[in-house]
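Letters go in sequence order (proteins before strands), and every chain restarts at 1.
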Amino acid sequence: MKIQFENITKTFGSVVANDLVSFQIESGTIHAIIGENGAGKSTLVKILAGLSTPDSGEMYVNGKIVELGSVSESQAVGIGILGQEPWDFANLTVIESFIVGSKHNTPFMDYQKLRKTVGHYCKNYGLRINVDTQVKNLSIGERQQIELFRLLFNGSQVIILDEPTSAFSLDQKKLIFDTLKRLAANGYSIVLVSHKIDEVLEICSRATVMRGGKVVDTLNLPVPSSKLIDLMFGVNNDRSFNKNRNMPSNQFLNISSIARADKRHNRFKDVPEGCILGIAGLQGSGADGFVKSIFDTDAYKVSITRETEKKDFLDNQRNVTYLPADRLEKGLFSDLSVLEHFALAKSHGNTLIDWSQVKDDALSLVQEFDIKGETDSKASHLSGGNQQRLMLSLIDKDTEILLMEQPTRGLDVLSAKFVWDKLVESKKNKVLTVFSSHDIDEICMYSDYIICFHGDDISGYGSNLELSRLDVMNLISGRFQDDS
Amino acid sequence: MIPDIKSILANIISMLIVFLVISMFLLIIGSSPIEVYLALIDGAFGNTDRFARTLLTTAILCISAFALVVTFTGGLWNIGIEGQLVAGSIGTTVIARSFIGESVAAPIFEIMIGSLFGSLIAVFCGILKAKANVHEIFGGLGLDFVASGAIVYLVIGPWKREGIASTSGTDIFPENAWIQSIGEYGVPIWPIIFAVVIGISLLLCFKRTTFGLRLKAVGSNAAASQRFGIEPSRYLLYAFALAGGIGGIAGVVQAAVVYHKLVPFISGGYGFLGILIALISSKNLVLVVLVSTVFGCLLIGGTQLQLKLGMHSSLSGIIQGLLVLTWILIKASKVDHRLTNKLAVWSKFGQY
């Protein structure tokens, strides 16, 4: 089936997720849609699946116009979507999950026939499972496979896979990829959404690259991976912004980490004291978890020591401040007022609250951090930028290590700049700032030292003088070893 | 000030709607709403004796709802409140039946031990949650059954009356162990003082102390409170201890003021009613007093419906249920706020 997008535009408030997107997906191909996080890939496939309605534009299937924003219409023309997580029912058996949502539904199901059909799919595509087992007993890969069969069973001609492999083992990935190749050979169209270039090069025959909501190019594969990277991230891979930056200190820290999962050990030597340490990684990578682990030792056991002394900074939790990415879910109290937040932060050791004192302190901090909003308005009523300013203003003065997950997530340009000005300023007080980000520009612009994550693994690290923007891009997309 | 006026107005509108709904219900079942309301008012305030009983019931409801405000503030569902009331009255009886019961200091010990018993059973529920991850609703409900089982055992077992074992209760306490009322009609001065002291203390606790603010913080977002150096599970136990202690005092009042003995159904369901009151008042201590008064009137005034109008005694319960449901529906649908905003628009038109 041939699918054609014509000038699809979708905006969320002031954010343009899809900007006049036009391209074609040919039948019998595996077509990749690639791009950075936030490039607009997921929005586009949601429109394709009828899960989202665009503001304007048209979509044609085999030359016929399709009503947009209707799941049933998309299903009727044969479009099926496989999510990042399996959308199934963990407590049902494989057979039962076929019955639920089946197009061929009758009051009484012919179990024998269905069993045969499911068995046929499994045999055909090399999946060895017991069809009477509960879905929850299967691996994620097997569940995705079953979901795929269910789409085929319901007559889907176009299968969309929205970054399906993030939770797969290598074997599972191979199984799914083999299935996809065979389906394409049989005339099905496969749309693979991904930001993993190696995957795309492995199985796709065409790729559409998106950046900032726009289609940058649609090209036939294979091409060198560096070309795809350039298209994905833009071509200004220069080091100019790294120049003229002095190392903040001649004192150095030793940082080491041990992954809980595979006991892999990493040592980052010569990290300057009072610097900004950037943890780079794409969405879903271990970067955020690494930052959080420094606070709660969940996924990694991290230790940070000065070169000259043995004492681990992290032994004294008091000097560590952790600012999570989910500001309202994990960082602030949505029901408490700004003033109450200040009272909480400064309340150590006092029984009574001196509200007039708290108010005085709060007013000066509100001014210093330019928090827009009344001091008695609830945290949930503040904008994202003001919430982040509030979080920054609450940081204890004794903080030596500041941990931030995606410090500028969802912030407007001005707030983001404000946050970074504050963080850079804190270098003077020898605060070690560790932050994670999906934004390569942010990583390269502000980090003195960079640790790169590809998936859950640390793929490389070094000071900002040793690593270029291109190096970081390669490291987080997992292409470094092959090219060098 | 303006948002305050608006929310007060919204509450007045809500009350009017509730009134309307109850009146319509009464019309549908073929009775005159005015007669019913008059009977209720007469039943609650008609003479000094009834007035005193209404005050007493209101005070007990207030105390039990205050206990629940504490746990709700900490983000906890203290379904175990009934058990805490029962534990409080068992504690009272322990003192009243001991040698202390004959002394004039008995009430002081009853309050202390009753409060302690309530606190202990509540903390047990808290430990189950903190250490064994048993949700406080299940733990609390289980402990409610334990407490009501224990009280029946005590009444017909070790504490049975001379010669007979009856569920009608233990022997009457010695008079020194009663918490006395004032005057011929028994104005319940002490329960009112308890309620006032507890209410004001809690108000101060939440407005002025670090403890109150931290409890609020834990209830609002346990994950974030850890970032502020607060240990949520510790505050969970504090909340239970405090709420149980207050609930225990409601039990003390039931045993030492109302019954002067231990009876199997000593809680009178006031614990569960307290949950409703705390919910309707949305943790606002002043509103708790108002709502408790309404429920106190309905409970005591309701008896007159049967005597005076020959209506079934369950009617009072139905009115209470309607009140709660309508109120919750109004608040959930935000009808009151929409009407208030409309009213504000209209009043602006009037100015031109």
Side-chain angles (χ1 to χ4, degrees), chain A residues 291-292 294-296 298 316-358 374 376-381 387 390-396 398-399 402-405, chain B residues 1-7 68-77 200-236 238-239 241-242 278-279 281-285 287 331 334 337 341:
Chain A
V291 173
K292 185 166 164 280
I294 301 177
F295 179 68
D296 64 8
D298 186 24
N316 183 358
Q317 281 274 331
R318 278 220 136 168
N319 306 338
V320 182
T321 303
Y322 163 64
L323 306 190
D326 302 328
R327 283 163 215 131
L328 271 192
E329 286 79 41
K330 295 189 194 121
L332 297 169
F333 306 97
S334 52
D335 292 345
L336 298 195
S337 71
V338 172
L339 203 58
E340 285 174 315
H341 277 87
F342 285 116
L344 266 183
K346 317 279 173 209
S347 67
H348 294 286
N350 299 336
T351 321
L352 292 178
I353 300 169
D354 182 353
W355 283 108
S356 62
Q357 179 68 43
V358 170
E374 301 290 319
D376 55 1
S377 53
K378 289 181 178 175
S380 55
H381 295 164
Q387 285 169 8
L390 177 60
M391 294 237 291
L392 285 175
S393 71
L394 292 169
I395 293 171
D396 202 276
D398 299 334
T399 295
L402 175 61
L403 310 170
M404 293 187 90
E405 280 172 22
Chain B
M1 277 320 277
I2 287 160
D4 281 345
I5 291 172
K6 261 194 175 176
S7 73
L68 286 147
V69 170
V70 174
T71 34
F72 273 127
T73 303
L76 299 164
W77 283 85
I200 291 175
S201 310
L202 285 182
L203 205 62
L204 286 176
C205 170
F206 288 127
K207 293 273 177 214
R208 312 248 12 151
T209 68
T210 307
F211 170 78
L213 183 58
R214 288 184 166 191
L215 190 60
K216 226 167 130 182
V218 171
S220 171
N221 190 344
S225 63
Q226 257 166 329
R227 286 199 333 107
F228 285 75
I230 305 168
E231 193 55 60
S233 59
R234 252 186 39 210
Y235 278 79
L236 176 158
Y238 292 155
L242 185 55
L279 269 183
S281 320
S282 54
K283 297 181 275 187
N284 181 321
L285 294 165
L287 271 183
K331 293 299 169 188
K334 298 203 167 73
H337 283 278
N341 287 337

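Ranked by non-hydrogen atom pairs under 4.5 Å with chain A, the options A224(B), A223(B), A222(B) are led by A224(B). Counting heavy-atom pairs closer than 4.5 Å to chain B, the top-ranked of the candidates L344(A), L394(A), L328(A) is L344(A). No other option in I353(A), L332(A), L323(A) has as many heavy-atom pairs under 4.5 Å with chain B as I353(A).
For F342(A), the ring-ring contact (aromatic ring centres under 6.0 Å, His included) test picks out no residue, with sequence neighbours left out.
Looking at L204(B), there are no atoms closer than 4.5 Å to chain A (heavy atoms on both sides), in backbone or side chain.
Residues F228(B) and G331(A) come closest through the heavy atom pair CE1-O, 3.7 Å.
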Got a list of the donor-acceptor pairs under 3.5 angstrom between chain B and chain A?
from: K207(B); atom 1: O; to: W355(A); atom 2: NE1; distance (Å): 2.5
from: R208(B); atom 1: O; to: I353(A); atom 2: N; distance (Å): 2.6
from: R208(B); atom 1: NH2; to: I353(A); atom 2: O; distance (Å): 3.3
from: T210(B); atom 1: N; to: T351(A); atom 2: O; distance (Å): 2.8
from: T210(B); atom 1: OG1; to: N350(A); atom 2: O; distance (Å): 2.7
from: T210(B); atom 1: OG1; to: T351(A); atom 2: O; distance (Å): 3.2
from: K216(B); atom 1: NZ; to: E340(A); atom 2: OE2; distance (Å): 2.5
from: N221(B); atom 1: ND2; to: L328(A); atom 2: O; distance (Å): 3.2
from: N221(B); atom 1: ND2; to: E329(A); atom 2: O; distance (Å): 2.9
from: N221(B); atom 1: ND2; to: L332(A); atom 2: O; distance (Å): 2.8
from: R227(B); atom 1: NE; to: G331(A); atom 2: O; distance (Å): 3.4
from: R227(B); atom 1: NH1; to: Y322(A); atom 2: O; distance (Å): 2.5
from: R227(B); atom 1: NH2; to: G331(A); atom 2: O; distance (Å): 3.0

